[in-house]
Amino acid sequence: MSDIYLGIDVGGSGIKSALVDVGSGTLTTERTRVETPQPATPHACSTAIRDVLDIYDYRGPIGIGFPSVIRNGVVETANNIDPSWVGQQVVDLFAGVTGREVVVINDADAAAVAEARFGAAAGVDGLVLVITFGTGIGSGLLVDGKLVPNLELGQLEFEGHYPSERFFSAKSRKREGLEWDEWGDRANRYLLHVNEVFRPDLIVFGGGLTKHWALYSDRLDSRLPVVPATMGNSAGLVGAALVASR
């Protein structure tokens, strides 16, 4: 059987996709990105995902990372997508519009799966947190390399901000015009709080801002067991493809 699977990563601002070799964790096509429809309703998002399939000559199962708690195929939260998603049977919806077998997983969980298999968390025992800074803050929890799904640390209240992701996300840096050291100090406070609560063996710092790691990493406290994610913007795609292959 082929090791090539289609991974799709649905974010608050963009929908990324690529064919992935799940044996090596590498993309076999260029990563494609389209804007997430606004408002990001079930109809609009499912139409966008159906259109994504036209890019690829691919007929197999599809893995989709989605910015929500997903339980038994049902959307339970809608923090960075339209509220009309709550209660939607997302697996059935996407399978219906694509005509393919579909597996849907929380987007940060998909990134965690990829980092555990091929990235910064590969071979790491104990408790690992993968924190992704993007439109919101995603979080994936791994115990001895196994995923504990649907951890939503971006929904914590911290320093009077609820949900905390509104103040500490990568989006907040752009929205408020923060310098890198200012945002680094902000991310540091958030990570120190998370570290105090969970005491992880490792924190993997993920999301699109990892490519700018050198600009703010000196603001992170030396007590934090933190390393940058190594899968970059491919993490969600690779993780989604991995769960489809299983």
Side-chain angles (χ1 to χ4, degrees), residues 9-14 36 38-41 65-71 75-87 105-112 115 127-142 148-200 202-229 233 235-236:
D9 185 7
V10 179
S13 59
T36 301
Q38 300 299 329
T41 62
F66 197 76
S68 171
V69 169
I70 306 290
R71 187 150 48 185
V75 175
E76 294 195 356
T77 60
N79 304 315
N80 294 298
I81 51 174
D82 195 80
S84 60
W85 274 103
V86 175
I105 184 175
N106 173 268
D107 55 348
D109 285 347
E115 292 291 341
L127 193 153
V128 175
L129 284 171
V130 179
I131 310 291
T132 60
F133 291 87
T135 303
I137 295 178
S139 50
L141 175 64
L142 301 160
V148 180
N150 292 322
L151 183 71
E152 288 285 304
L153 294 184
Q155 298 305 298
L156 291 173
E157 181 176 359
F158 182 50
E159 296 184 352
H161 302 282
Y162 177 78
S164 54
E165 65 181 8
R166 291 181 183 169
F167 187 74
F168 295 93
S169 66
K171 184 177 181 179
S172 73
R173 187 191 70 83
K174 283 190 174 183
R175 183 178 65 243
E176 299 178 38
L178 300 177
E179 298 294 336
W180 284 108
D181 58 349
E182 293 177 297
W183 185 81
D185 288 339
R186 186 177 287 194
N188 181 60
R189 299 198 306 273
Y190 175 83
L191 290 175
L192 283 171
H193 179 62
V194 168
N195 186 62
E196 186 69 23
V197 173
F198 286 89
R199 296 290 175 173
L202 182 69
I203 298 173
V204 178
F205 191 112
L209 293 189
T210 52
K211 62 178 176 287
H212 302 298
W213 177 253
L215 298 178
Y216 56 82
S217 57
D218 63 336
R219 314 302 293 187
L220 303 182
D221 196 288
S222 61
R223 293 171 292 174
L224 289 168
V226 62
V227 298
N233 280 334

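The chain is numbered in sequence order, starting from 1. It should be emphasised that the depicted structure is a prediction, and the values quoted were computed from it without experimental measurement. All values below come from the heavy atoms of this structure, side chains included, with hydrogens, waters and symmetry mates left out.
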Heavy-atom side-chain proximity of V197 to L153 below 4.5 angstrom: no

From I137 atom CD1 to K171 atom NZ, the distance as rounded to the nearest 0.5 Å: 13.0 Å

Residues forming a side-chain hydrogen bond (donor to acceptor under 3.5 Å, both in side chains) with E196, sequence neighbours excluded: R199

Pair L142-L202, side chain to side chain contact (heavy atoms under 4.5 Å, CB included): steps then yes or no: CA-CA 10 Å; L142 301 160; L202 182 69; over 6 Å; no

Closest contact, heavy atoms only, L191 versus L224: O-CD2, 3.6 Å

Min side-chain heavy-atom separation P200-V128 under 4.5 Å: no

Shortest non-hydrogen contact from D109 toward N150: OD2-N, 2.9 Å

Under the side-chain hydrogen bond (donor to acceptor under 3.5 Å, both in side chains) test, residues paired with T41 that sit two or more places apart: none

Pairs flagged by side chain to side chain donor-acceptor pair (under 3.5 Å) wherever residues 214-225 is involved - sequence neighbours left out: D185-R219, D221-R223

Criterion side chain to side chain contact (heavy atoms under 4.5 Å, CB included) on D107 and V10, from CA distance to verdict: CA-CA 7 Å; D107 55 348; V10 179; over 6 Å; no

Over all atoms of both residues, closest heavy-atom pair of Y162 and Q155: CE1-O, 2.9 Å

All side chain to side chain contact (heavy atoms under 4.5 Å, CB included) counterparts of A111, not counting sequence neighbours: T132, A235

Pair listing, salt bridge (Lys or Arg N to Asp or Glu O under 4.0 Å) test, anchored in residues 154-165, at least two apart: E159-R189

Any residue meeting side-chain hydrogen bond (donor to acceptor under 3.5 Å, both in side chains) with N79, in chain and number order, not counting sequence neighbours: E152

Test ring pair (Phe, Tyr, Trp, His ring centres under 6.0 Å) applied to F158 - qualifying residues, sequence neighbours left out: F168, H193

L127 side chain near L141 side chain, heavy-atom distance below 4.5 Å: yes

Using distance only, find each side-chain donor-acceptor pair of residues 203-215 under 3.5 Å and give its atom names and separation, not counting sequence neighbours.
| from | atom 1 | to | atom 2 | distance (Å) |
| --- | --- | --- | --- | --- |
| T210 | OG1 | G207 | O | 3.0 |
| K211 | NZ | G208 | O | 3.1 |

Partner set under salt bridge (charged side-chain N to carboxylate O under 4.0 Å, His left out) for D9, not counting sequence neighbours: K16

With E179 via side-chain hydrogen bond (donor to acceptor under 3.5 Å, both in side chains) - residues at least two apart: none

Partners passing salt bridge (charged side-chain N to carboxylate O under 4.0 Å, His left out) against R71 (at least two apart in sequence or in another chain): E76

Heavy-atom pair with the smallest gap, counting every atom of A110 and I105: CB-CG2, 3.8 Å

Main-chain N/O of I70 paired to N106 side chain as donor or acceptor, under 3.5 Å: no

E176: partners by salt bridge (charged side-chain N to carboxylate O under 4.0 Å, His left out), with sequence neighbours left out: R186

Closest contact, heavy atoms only, V86 versus A78: CG2-CB, 3.9 Å

Close side-chain approach of L129 and L151, heavy atoms under 4.5 Å: yes

Exam field: side chain S172 to backbone S169, donor-acceptor pair closer than 3.5 Å: yes

Any donor-acceptor pair under 3.5 Å from S68 side chain to V75 backbone: no

